[in-house]
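Because the structure is predicted, anything quoted here is derived from the model rather than measured.
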Number of protein chains: 2
Amino acid sequence: MKPGSPRKTAKLADVARLARVSTATVSRTLTLPHKVKPATAARINQAVETLGYVAHGAARALASRRSRKVGAIIPALDNPIFASTVHALQKALDAAGYMLLVASHGYDAQVEARVIRALVEHGVDALVLLGTTHRACVLELLAAHQLPCVLTWALDAGAPLPCVGFDNRAAAVIVTRHVLDLGHDAVAMISGVTAGNERAAERLRGVREALAERGLALPASRLVEKPYTLSGGREGLRELLEGGARPTAVICGNDALALGALAECLDRRIAVPAELSITGFDDMEIAAVVTPALTTVRFPAAEIGALAARHLLARLAGQEVAPRTELQVELIVRGSTAPPARQN
Amino acid sequence: MKPGSPRKTAKLADVARLARVSTATVSRTLTLPHKVKPATAARINQAVETLGYVAHGAARALASRRSRKVGAIIPALDNPIFASTVHALQKALDAAGYMLLVASHGYDAQVEARVIRALVEHGVDALVLLGTTHRACVLELLAAHQLPCVLTWALDAGAPLPCVGFDNRAAAVIVTRHVLDLGHDAVAMISGVTAGNERAAERLRGVREALAERGLALPASRLVEKPYTLSGGREGLRELLEGGARPTAVICGNDALALGALAECLDRRIAVPAELSITGFDDMEIAAVVTPALTTVRFPAAEIGALAARHLLARLAGQEVAPRTELQVELIVRGSTAPPARQN
DNA sequence: TTGTAAGCGTTATCAC
DNA sequence: GTGATAACGCTTACAA
């Protein structure tokens, strides 16, 4: 038991000695101040101060069986929309005295399972996951450890765990109806990769449903799946144009795809939205400002993080909480127009 | 010692009992497999499997005096450029079996000090900070705990700690020279808030230096400081235009400011870059695609994260490492042009 | 190669 | 209000 060097920092016993009390009293002073006589507490705080005492989290966690750490696992921390969720989550946890352990899985279920296991080993008190689809072994692990867990960016009524999110399918229906109401009937979609990404799949489903309401369909020639990148959007648009069934409106699975598609239009001197309407999801303010052409749906990314934190903190405090929190999305109409044929 | 319920999960002793070995052997099998006879290891792994044993990180950390956790504190997790650094950091740490504890301080030194203390209490093995300016108490704390620490987005030769970053001042010089070489002499800057943000201050300094090289200055009428937001950029541009000393080129402290300025130009029907050149820092790919008008400097955000991880992992492994890693920035010329007067 | 056992620094249950 | 003290679950000399 030695590796990390023989410790030069003060421990609880040192504080106790200096303050002429037992370690029990010091511990109380630090965690339940009201249960200690003010005079004693003052003496102890003084000792803590002069020794520069810093509690040992691991020892504390071992004895108290709670680490005051929450784990979060996200598809990709460098996706700004998720970064926004993580940021809000961290701030809320910090305000309550909890630390955040983060990890990413890169849309790989196997990596997710491995990382969740690591998070459990590292002793988190609760877990924040993203989406509803997780390996069975993950749920077993959480059950075995009785770990409070909340699913974010998810809203599955049949989910085995509490959710905080919004309805991706409904959001897609809103966007699609908007486009259809403008008079478009040649609608195409550049979707995110739906395999292993239920959010992308739900958005695609919503588009299909809204089209079906008007007796329209989304044939293979009007659908491409691309990774959520700018180049994905460019390629997607290229393929749609070359596919023969040239659309008057393109619905993109997220804003990176939409901006990529827009960039491709600029290169090809296709006027947006006059000649081609482009809409997206995951509204990023930055995209909005520079592309007045882009109608989008804004997702409550930060709220998801804040509410996930609130949910878990409440449960950790032994309170009852709603198992499902549905947030609303907002359609932001910017430049979308009727299709060229009907214009004027 | 009971709060977190009386534990239903298997512990090391359970595995040992089932495998008919001592806890020491199980521990070895889990951490130093090569020091155990294969047959024994197999039996133990079998027991681990059937019991669904998951190690208890806190106990492990207490006994071994190392937590396999690294802490990082960042100004704002929702700034995409920092999110990129954190993402790379997390991936590199994960690959080495370390977890990442993240926190943000919102550009508040006091919050930073508090959070770093919390990170230390939570038992991180090493720390990643951002920038070179930190409270004295922070350095004392790190010294007292002998915590390996690396400063990112920093490159101070006189820094008391190892750095991984690039030269913000030099980057600003590059951009400014580029603008001057195009023939501009009416140059203005929309800087980030320099108070408490050395990176913003260095960029401003670099602009001033490059101007001075050509005998130019940056009078108060040509400088505004705004927070790193789109609306900051809009306001900044507005103030510069209303200030009387109308510039032909505006250098913005980061891309959010640049895009905000650009958006304001769009609203005012000011042609960019024909009438007004705008340049920025912190190149975000997304901005590049939608604004072919914007010349920027790309920062190696992800590399910083990856190298910070490599640095700390090496030190944790007892290796010697370079105390200073300087990365290069890249000027990306997109749409900048000569000032209107000289255009022909 | 494996076992024994002494911690690691706290917390929480009792007594007092 | 405060003090002893037995855990908490694991690692690692050291012994065998």
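At a non-hydrogen distance threshold of 4.0 Å, Arg28(A), Val36(A), Lys37(A), Thr40(A) from residues 26-46 of chain A come into contact with DNA chain D.
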Could you give me the CA-CA distance, side-chain angles and deciding distance for His311(A) and Arg315(A), then say whether side chain to side chain donor-acceptor pair (under 3.5 Å) is met?
CA-CA 6 Å; His311(A) 172 100; Arg315(A) 280 172 67 189; 3.1 Å; yes

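Rounded to an integer number of Å, the gap from Arg60(B) CZ to dG9(C) P is 18 Å. At whole-Å resolution of the value, CZ in Arg68(A) and C1' in dT11(C) are 14 Å apart. Atom CG of Leu12(A) is separated from atom P of dA6(D) by 17 Å (rounded to the nearest Å). In this structure, the NE2 atom of His56(A) is 17 Å from the P atom of dG9(D), given to the nearest Å. Rounding to whole angstrom units, CG of residue Leu62(A) and P of dG9(C) are separated by 12 Å.
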Side-chain donor-acceptor pairs under 3.5 Å in residues 148-155 of chain B, sequence neighbours left out?
{"unit_1": "Thr152(B)", "atom_1": "OG1", "unit_2": "Leu129(B)", "atom_2": "O", "d": "2.7"}
{"unit_1": "Trp153(B)", "atom_1": "NE1", "unit_2": "Thr85(B)", "atom_2": "OG1", "d": "3.1"}

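Ranking dT2(C), dT4(C), dT5(D) by closeness to the Ala24(A) side chain, first place goes to dT5(D). Here dT2(D) is the nucleotide among dT2(D), dG9(C), dG7(C) with the atom lying nearest to any side-chain atom of Thr25(A). Closest to the side chain of Lys11(B), from the set dG9(D), dG3(D), dG9(C), is dG9(D).
In this structure, Arg65(B) does not reach the dC8(C) phosphate: none of its side-chain N or O atoms is under 4.0 Å from OP1 or OP2. In terms of phosphate contacts, Ser22(B) brings no side-chain nitrogen or oxygen within less than 4.0 Å of OP1 or OP2 of dT4(C).
Side chain to side chain, Ser84(A) and Asp78(B) fail the donor-acceptor criterion of an N or O pair below 3.5 Å.
Side chain of Arg43(B) to backbone of Ala19(B): a donor-acceptor contact under 3.5 angstrom is found.
Around CD of Glu320(B), the count of heavy atoms belonging to other residues, nucleotides or ligands within 6.0 Å does not exceed 12.
For Arg114(A), the salt bridge (Lys or Arg N to Asp or Glu O under 4.0 Å) partners are Asp94(B), not counting sequence neighbours.
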